[in-house]
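Here the structure is a predicted model, which is why all the values come from computation and not from measurement. Heads up: numbering here begins at 1 and tracks the sequence. We count ligands from 1, going down the list as the structure has it; atoms in each ligand are counted the same way.
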Amino acid sequence: MGQSSFDFYNPTEIRYGAGVLSTLPALTQCLGIESALLVCDPGIIKAGLVDRVANVLKAANIPFTIFSDIESDPEVRSVDEGVRVARAARVDGVIGVGGGSALDTAKAIAIMLTNEGTIRDYFGIDKIKVQGAPVIAIPTTAGTGSEVTVWSVLSDTENNVKANIGSYLNCPRIALLDPELTTTLPAAITAATGMDALTHAIESYVNKAAHVFSESVAEKSIALIANNLRLAVLQGDNIEARGNMLIASTLAGMSFNRIRLGLAHAFALPLGNLFHIPHGLVNSIMLTPVMKFNLPGNLAYYAKVAELFGERISNLSVREAAERSVLAVHQLKQDIGLTKTLADFNVSEDRFDEIIDEAMRSGNVPVNPRMPTRADMRQLLMQAMTGEI
Ligand SMILES: [Fe+2]
């Protein structure tokens, strides 16, 4: 909302294009990587995407070791194990291939190749001491933005917490955005991860820490998602739609990188932890009720969101135009088949206090355009139980 002072730093080099994966060997050489740890999850191996990356490295005689012991909510244990494998193989760089889990883990492993102690020592903001080993991030979903962000989100099951690591030193050196790697992503995952990207873009666009640079990239991200997510879901092989979604999710990552998000993401953490609702889905469920609640806190920007979605707002009041943004996002969710509610994931009212306790502790609450009470948070959960808007 036009902050008078801010910082905006995006140290990740972006390489975009269909087929740009073929430049990976040259990029590893540029970064001085002589032997790489290839970090991915088992699903990415099954989808044949790791083979595509591995074949490019093999053809260029670049040695690599695959590490794929990663869950959908990446664990501290995976980082510890990945570091052990990386040290044993004497790698000097990390290539992350996959969605947010793989990229977050790849970044954290790279940090631990040059910093002392364990990854737990670096939970929090700006705790990392020195630059990690170089990371090339290759996203195979269009959602997380992890390929350009300061964040790694890890589950620490031993201590039963989910922890954020946030530092400019955690940004990958290169984000390799190749839409050809996303065309086989199933429709349901395309939809959910795309809604994660949209939630990043909208929450950072309307939040209290937004500034002219974050807003500019968020606006472009929202417009790209409004115009391309349907086609990416409904025509998986549409390379233009896939490419635009990949660009949109990276732009959204650049937008929220340091200014954080809002209430949908505050809820996403406990709802993901307690009920194992995939991150994109939980954001999709929470986004519309949160938008409706937030409207009075930033009517003008929500009106702009409606415009970016192609709503005709010229004869409407700002309030009416802002309300159209909620309907536009709801319509998008319907079109891409995201109609589930919290009740479909066995969330029940007797767990609300537990959910709200954790959500209220999130760093995403203070920047939300409207400060919620516990009663407000309860109301938002109630709406998300039924899907009413
Ligand atoms: Fe997210």
Problem - Side-chain heavy-atom pair Glu180, Leu49 within 4.5 angstrom cut-off - result: no

Practice task
Please examine the side chains of Ile119 and Val83, heavy atoms only from C-beta on, and report whether any two atoms are closer than 4.5 Å.
Solution key: no

Handout entry: NE2 (His279) - the Fe ion (ligand 1) - NE2 (His200) angle, nearest 10°
Key = 170°

Practice task
Validate the cation-pi geometry between Arg258 and Tyr168: distance from NZ or CZ to the six-membered ring centre under 6.0 Å, angle to the ring axis within 45°.
Solution key: yes

Handout entry: Minimum-distance N/O/S atom that Asp196 presents toward the Fe ion (ligand 1)
Key = OD1

Problem - Any Phe267 side-chain heavy atom under 4.5 Å of Ile355 side chain - result: yes

Fill in the blank from the handout: Closest to the Fe ion (ligand 1), among the N/O/S atoms of His265, is atom NE2

